[in-house]
Trainee: 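Starting off with a structure, shown below.
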2 protein chains.
Amino acid sequence: MSSRNAGRQPKYQRIAAELRAAIEAGEYGPGERLPGENDLMATYEVARMTARQALGVLQAEGVVEARKGAGVFVRDFRPIRRRGIERLAHAGWGEGRSVWATDAEGRELAVDLVEVHEGDAPPVIAGVLDLADGSRVCIRRRRYTLDGKPVLLATSYLAADLVSGTPITRPDTGPGGIYARLAELGRKPVRFREEIRSRMPNADEVERLELPSGVPVVLVARTAFDAEGAAVEVNDMVLDSSAYVLEYGFEA
Amino acid sequence: MSSRNAGRQPKYQRIAAELRAAIEAGEYGPGERLPGENDLMATYEVARMTARQALGVLQAEGVVEARKGAGVFVRDFRPIRRRGIERLAHAGWGEGRSVWATDAEGRELAVDLVEVHEGDAPPVIAGVLDLADGSRVCIRRRRYTLDGKPVLLATSYLAADLVSGTPITRPDTGPGGIYARLAELGRKPVRFREEIRSRMPNADEVERLELPSGVPVVLVARTAFDAEGAAVEVNDMVLDSSAYVLEYGFEA
DNA sequence: CTTCACTACTTCTCTAGAGATGTAGAAGCG
DNA sequence: CGCTTCTACATCTCTAGAGAAGTAGTGAAG
């Protein structure tokens with residue numbers, strides 16, 4: 001080659017590290033444009049593919065975002081806070097300052113798309129809801145947006161036997177939402193379990209959440225239990241990880 | 001060029017999509033080797049860099065893992081479960097099947113590295129602990145491994161005024177850990193708040209957690225409050241997202 | 001004043017090569 | 001049998017080019 005690098009690491013890593021340091025030092029603030037392919041080719045005297053690799057590292061880290069035809073820009077992080085508790089009026093919680101700053105809570109989530117239909121229960125869902133394999137379930141898909149940008153995909157599953165003929169099977173479920181309707185059916189949810197994990201999004205999620213590359217998704221699977229301890233609803237949520245901070249509280 | 005692609009999307013995306021489909025169809029199971037650069041170059045008649053780009057897509061998604069000199073392999077996902085509640089004997093919780101399968105709970109976490117020192121409080125930590133800027137804090141860093149692989153980095157911050165001279169400032173804190181020691185000081189934690197977010201790891205985290213590319217980290221910041229509602233400890237955790245499912249429960 | 005075509009610039013995609021470096025199994029040696 | 005060395009093969013890094021495609025600003029036409 002060719003590729004004999006001065007230090008001990010590849011050129012593209014070195015270039016990426018220098019840019020990263022410059023960003024952390026505040027030389028390039030959020031939203032600001034930073035040197036592109038052509039600039040890096042000139043200043044570091046490397047080939048286009050090498051300069052692109054360096055920028056690719058920062059994109060994969062979610063630090064910067066490339067806009068075709070325009071340039072490469074520093075990304076910013078202004079999440080909203082989602083509380084597991086305290087949405088249900090559990091006053092006294094959450095005292096003390098938070099670790100991560102979140103935006104003014106003024107901004108509100110808006111439902112963007114709603115789609116309701118009946119279908120076969122996926123095996124995992126059937127297991128959680130304690131239904132026979134292949135049982136029918138009501139599937140409610142929603143997309144939430146924040147200031148126009150989609151941030152959350154939610155899919156609820158409820159046993160078709162339980163909810164057919166109720167407003168739950170219609171896009172608009174009426175005041176109080178599906179939990180109020182479940183209460184009217186004598187199956188009011190009283191306990192919730194949320195399971196959380198994170199991974200990189202698949203192509204479908206990238207499209208529906210309009211995710212830039214380098215941003216993982218957080219998966220929250222919420223199961224609602226009624227007073228008898230039976231699972232009445234499973235809500236499968238996919239969140240844009242750059243838009244959310246989740247918060248939970250519990251006692252010792 | 002050159003780059004006139006049959007369909008409508010770039011060649012490397014098409015190749016990646018085909019491989020992804022093959023994996024999802026079970027043609028390549030977890031841990032199995034799949035066609036590498038040279039194979040793709042031959043079967044699709046593309047240049048090396050193009051074949052690499054296709055594999056790079058799947059790596060960024062965390063679907064596959066490349067081992068230099070060996071090949072490209074399908075990754076598997078076998079996380080462990082971490083409960084926010086119920087570790088503290090809250091029986092009756094967590095009934096019903098879970099959405100994501102987790103491994104036999106037999107495997108145990110082992111502390112790998114411990115490091116304790118006193119230092120200046122980072123501004124954010126000082127804010128949460130309600131200390132003056134630049135106050136001294138005791139900083140406890142730990143790394144946990146699961147079957148030899150590091151999965152969690154934890155950093156605890158406690159006010160130096162509170163804990164100096166106690167076993168908390170030593171690597172081994174004695175039976176019951178730091179919470180038992182805090183109780184002896186009359187500052188027993190009774191409430192916890194956990195804030196969760198996710199992002200791609202930085203270079204340091206990649207190294208310390210031995211993360212393959214395409215795996216995000218989950219950040220959990222836990223604040224422990226005593227009976228007076230004062231924050232006594234902040235624990236900053238960085239988890240390998242492929243190793244964990246977090247679980248929380250709460251009542252309506 | 002608005003709209004549209006043009007243009008300079010940007011990132012994106014791809015080619016065809018080649019040396020560097022790590023891996024795993026085979027061959028050989030003590 | 002156990003260890004080392006060799007070797008074929010794998011991914012990794014990088015070069016120097018070039019056409020495709022999107023963006024934003026300018027200036028002319030309506």
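Every chain is numbered from 1, with letters handed out A, B, ... down the list of sequences. Hydrogens, waters and symmetry mates are skipped; everything else that's a heavy atom, side chains included, is used.
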Trainee: Side-chain N or O of B:R52 versus OP1/OP2 of D:dC12: is the shortest distance under 4.0 Å?
Mentor: yes
Trainee: Between B:S198 and B:V217 (side chain of the first, backbone of the second, donor and acceptor by atom type, cut-off under 3.5 Å), is there such a pair?
Mentor: yes
Trainee: Atom CG of B:L40 and atom P of C:dT15: how far apart are they, to the nearest Å?
Mentor: 12 Å
Trainee: How do A:Y12 and B:G69 order along DNA chain D: which one's closest nucleotide is nearer the 5' end?
Mentor: B:G69
Trainee: Between C1' on C:dC14 and CD on B:Q9, what's the gap in Å once rounded to a whole number?
Mentor: 15 Å
Trainee: Whole angstrom is fine here: how far is it from NZ in A:K68 over to P in C:dT13?
Mentor: 6 Å
Trainee: Does a side-chain N or O of B:N38 approach OP1 or OP2 of D:dC9 to a distance below 4.0 Å, or not?
Mentor: no
Trainee: For nucleotides 5-7 of chain C, list the nitrogen or oxygen atoms of the protein found under 3.5 Å from its nitrogen or oxygen atoms, one pair per line.
Mentor:
none

Trainee: Whole angstrom is fine here: how far is it from CD in B:Q53 over to P in C:dC14?
Mentor: 6 Å
Trainee: To the nearest Å, give me how far apart OH (A:Y44) and P (D:dT13) are.
Mentor: 18 Å
Trainee: Throw together a table of side-chain donor-acceptor distances under 3.5 angstrom for residues 49-58 of chain B, partners on residues two or more places apart or in other chains.
Mentor:
| unit_1 | atom_1 | unit_2 | atom_2 | d |
| --- | --- | --- | --- | --- |
| B:R52 | NH1 | B:E37 | OE2 | 2.5 |

Trainee: Would A:D112 and A:R142 pass as an ion pair if we require N to O under 4.0 Å?
Mentor: no
Trainee: Does the B:E24 side chain pair with the main chain of B:A21, one donor and one acceptor, at a distance under 3.5 Å?
Mentor: no
Trainee: Nearest to the A:K11 side chain among C:dA16, D:dT15, D:dT13, which nucleotide is it?
Mentor: D:dT15
Trainee: Considering only D:dA10, C:dC12, D:dT23, which nucleotide approaches the side chain of A:A66 most closely?
Mentor: C:dC12
Trainee: Any side-chain to backbone donor/acceptor pair from A:E207 onto A:D204? Under 3.5 Å, distance only.
Mentor: no
Trainee: Under 3.5 Å, side chain of B:R140 to main-chain N/O of B:P171, donor-acceptor pair present?
Mentor: yes
Trainee: Among D:dC14, D:dT11, C:dT11, which is the nearest nucleotide to the side chain of B:V72?
Mentor: D:dT11
Trainee: The side chain of B:A47 lies closest to which of these nucleotides: C:dT15, D:dA16, C:dT11?
Mentor: C:dT15
Trainee: Measure CE/B:M41 against P/D:dC9 and give the value in whole Å, please.
Mentor: 15 Å
Trainee: Measure CZ/B:F73 against P/C:dT23 and give the value in whole Å, please.
Mentor: 11 Å
Trainee: Looking at C:dT15, I'd like to know if its phosphate oxygens (OP1 or OP2) sit under 4.0 Å from a side-chain N or O belonging to B:T50.
Mentor: yes
Trainee: Would you mind reporting whether B:V64 and B:R20 have side-chain heavy atoms less than 4.5 Å apart?
Mentor: no
Trainee: Could you state the CE-P distance from A:M49 to D:dA18, rounded to the nearest angstrom?
Mentor: 16 Å
